[in-house]
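Structure record follows, encoded as structure tokens.
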Amino acid sequence: MDYAQRAFEHIRHLSETIGGRGSCSPNHRRAAEYSAEALRSAGAGQVELEPFRGVASTYLPFVLAFASALVGTSLALFFGNRIALGIAALMNFLGTWAMYAESEFASNWTRWLIPTAETFNVTGAVSPQNKPKRQIVLCSHLDTHRTPIFYSSTAWQKAFGVSVTGAFLSMALSALTFGLGSLLDFNEFRWAGLLFGLVQMYALILVISAEFTPFSPGANDNASGTGIILALAERLHAEPLMNTTVNFIFTDCEETGAHGIIAYLKKHAEALGKDAIYIILDEVGAGQLKTVTEDGLIRKYKTHPRALQLARNANFGLTRSLIEANGEAYTDALPATKQGLIALTVSSAFPNPEQAVSHWHQMSDRIEFIDKQSLQDTLTFTWNILQEVDNL
């Protein structure tokens, strides 16, 4: 069977027939039901839609964080007395806490305010021929991102990265500066808010505008990962492993803070055991195959060394050599990595910047930009990993 073609067909259905798949949206539900039925048709067992409470908005926590900081900074500027500086310090601290906590998927005051909604992960499994000795989890996310302007080009992405860093630093420095001003009753510290306020206002405008953009069709991010896993489920039914259970998880709310994989780990990680291996396929439909060596938005977490070694052992039979590189943001591997679990993100990249055309989080992330050679390399590489794990 041409498994690359089967993956391509799944990608087409998810990105074209269904289209943009916002977290907690009806289109995500359609994608979940389609993926569950495809798993059953492929011969997988224990296929379920597992409910959890998810979050629909990527940017609302940051809107609240930046708004809190900006209101505080404005109070310091307009009033400039000791009380105003103290309030400004507190509100900027709240913004700093929220932004950092969101990057760590941790509880914070914005999560107490933002409504949640019931949504679903899709799970299933293929059993080995013999009694199971090992567990491997193949994971991809079904939801897609909104399409803000700051993802529209490499230049915009770099500028946005600087803006995010600047916004975080402006809130942290504002909390410190205004706090000292209040403590020392030194009102001249209010003028630092001229610079800090401009940075915070710019960041706030960007994230508010993002909330009004449509959802990407998500052919590469991440129908490609889902299509590969569904094709592999068919192959595993025809060629089951000897000693390893292969578990499947298609998550929701990856784009809004990895809520789906966190819910999955909370329910299943203990039963799967510390030696279970998590393989996350994310954006594997274009470019050269890449494994991520560090993951995270602000604080970076190194990929488990056993996961990287497994990838190096599986690096054969590819049409293009495997790249190792830091991740640009985060993936569903990060919550597992933070728990000390063996998790590997498989993605793709363009080593030559001139070849790189950004369709990431854009309406142009469509089926015509999916490269079947990339799909074939991902299928080969992931199959190699499955064999490596089965032979441990």
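It should be emphasised that the depicted structure is a prediction, and the values quoted were computed from it without experimental measurement.
Using a 3.5 Å distance cut-off with no hydrogens or angles, the side chains of Q200 and T73 do pair a donor with an acceptor. S216 and W360 share no side-chain donor-acceptor pair at under 3.5 Å. A donor atom on one side chain and an acceptor atom on the other are not found under 3.5 Å apart for S374 and S348. For N313 and Q309, the side-chain atoms include at least one donor-acceptor pair closer than 3.5 Å. There is no side-chain donor-acceptor pair under 3.5 Å between Y330 and E104. Donor-acceptor pairing under 3.5 Å is lacking for the side chains of D282 and T331. Side-chain contact annotation: T110 with N108, donor-acceptor N/O pair under 3.5 Å present.
Going from atom CZ of R190 over to atom CZ of F78 covers 9.5 Å, rounded to the nearest 0.5 Å. Atom SG in C24 sits 6.5 Å away from atom CZ in F52 (nearest 0.5 Å). In this structure, CZ in F178 is found 7.0 Å from CG in L85, a value given to the nearest 0.5 Å. One distance of note links OG of S182 with CD1 of I87; it measures 9.0 Å at 0.5 Å rounding. Distance check: I11 CD1 to L375 CG gives 4.5 Å after rounding to the nearest 0.5 Å. Taking OG1 from T291 and CG from L322, the interatomic distance works out to 4.5 Å, rounded to the nearest 0.5 Å.
Using a 4.0 Å cut-off between charged side-chain N and carboxylate O, E9 and R6 make a salt bridge. Ion pairing of K372 with D2 is absent here, as no side-chain N (NZ or NE/NH1/NH2) approaches a carboxylate O to less than 4.0 Å. The pair E102-R111 meets the salt-bridge criterion, with a side-chain N (NZ, NE, NH1 or NH2) lying under 4.0 Å from an Asp/Glu carboxylate O.
Closest approach of T303 to V292, counting heavy atoms only: OG1-O, 2.6 Å. The nearest pair of heavy atoms linking T251 to E254 is OG1-CB, 4.1 Å. Scanning both residues, C139 and I261, for their nearest heavy atoms gives SG-CD1, 4.2 Å. Closest heavy-atom contact between F79 and A84: CB-CB, 3.7 Å. Nearest approach of V284 to V346, heavy atoms of both residues: CG1-O, 3.3 Å. Of all non-hydrogen atoms in R82 and L183, the two that sit nearest each other are NH2-O, 3.0 Å.
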| request: Show your reasoning for whether side-chain contact (heavy atoms from CB on, under 4.5 Å) applies to E211 and S209. | output: CA-CA 5 Å; E211 280 292 286; S209 67; over 6 Å; no
| task | Go through the steps to decide whether Q288 and S321 satisfy the test side chain to side chain donor-acceptor pair (under 3.5 Å), and finish with yes or no. | result | CA-CA 7 Å; Q288 193 166 337; S321 58; 3.3 Å; yes
| Intermediate values then yes/no, side chain to side chain donor-acceptor pair (under 3.5 Å), D252 and T119 | CA-CA 7 Å; D252 189 18; T119 187; 2.5 Å; yes
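Note on I279: it does not cluster hydrophobically with I262, by side-chain heavy-atom contacts below 4.5 Å among ILVMFWY residues. Hydrophobic clustering (side-chain heavy atoms under 4.5 Å, transitive across Ile, Leu, Val, Met, Phe, Trp, Tyr) groups V207 together with L94. Taking hydrophobic clusters as Ile, Leu, Val, Met, Phe, Trp and Tyr residues chained together by side-chain heavy-atom distances below 4.5 Å, L265 does not share a cluster with I277. L113 and M99 fall within a single hydrophobic cluster, where Ile, Leu, Val, Met, Phe, Trp and Tyr are joined by side-chain heavy atoms under 4.5 Å apart, directly or via other members.
Applying the side-chain contact (heavy atoms from CB on, under 4.5 Å) test between N247 and each of V137, L138, V126 identifies V137 as the sole match.
Ring geometry for Y34 against H10 counts as perpendicular: the plane angle is over 60°, on a 0 to 90° scale with 30° as the lower cut. Between H268 and Y264, the two ring planes are tilted [angle within 30° to 60°].
For H259, the side chain to side chain donor-acceptor pair (under 3.5 Å) test picks out no residue, with sequence neighbours left out.
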Could you pull out all donor-acceptor pairs under 3.5 Å where a side-chain atom in residues 35-46 meets a protein atom, sequence neighbours excluded?
from: S35; atom 1: OG; to: A31; atom 2: O; distance (Å): 2.9
from: S41; atom 1: OG; to: E37; atom 2: O; distance (Å): 3.0

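Aromatic pair F150/H361: ring centres not closer than 6.0 Å. Remark: aromatic rings of H28 and F250 are distant, center separation not under 6.0 Å.
F215 does not carry R21 over the face of its six-membered ring by the limits of under 6.0 Å from the centre and within 45° of the normal.
A donor-acceptor pair under 3.5 Å is absent between the side-chain atoms of E118 and the main chain of R53, judged by distance alone.
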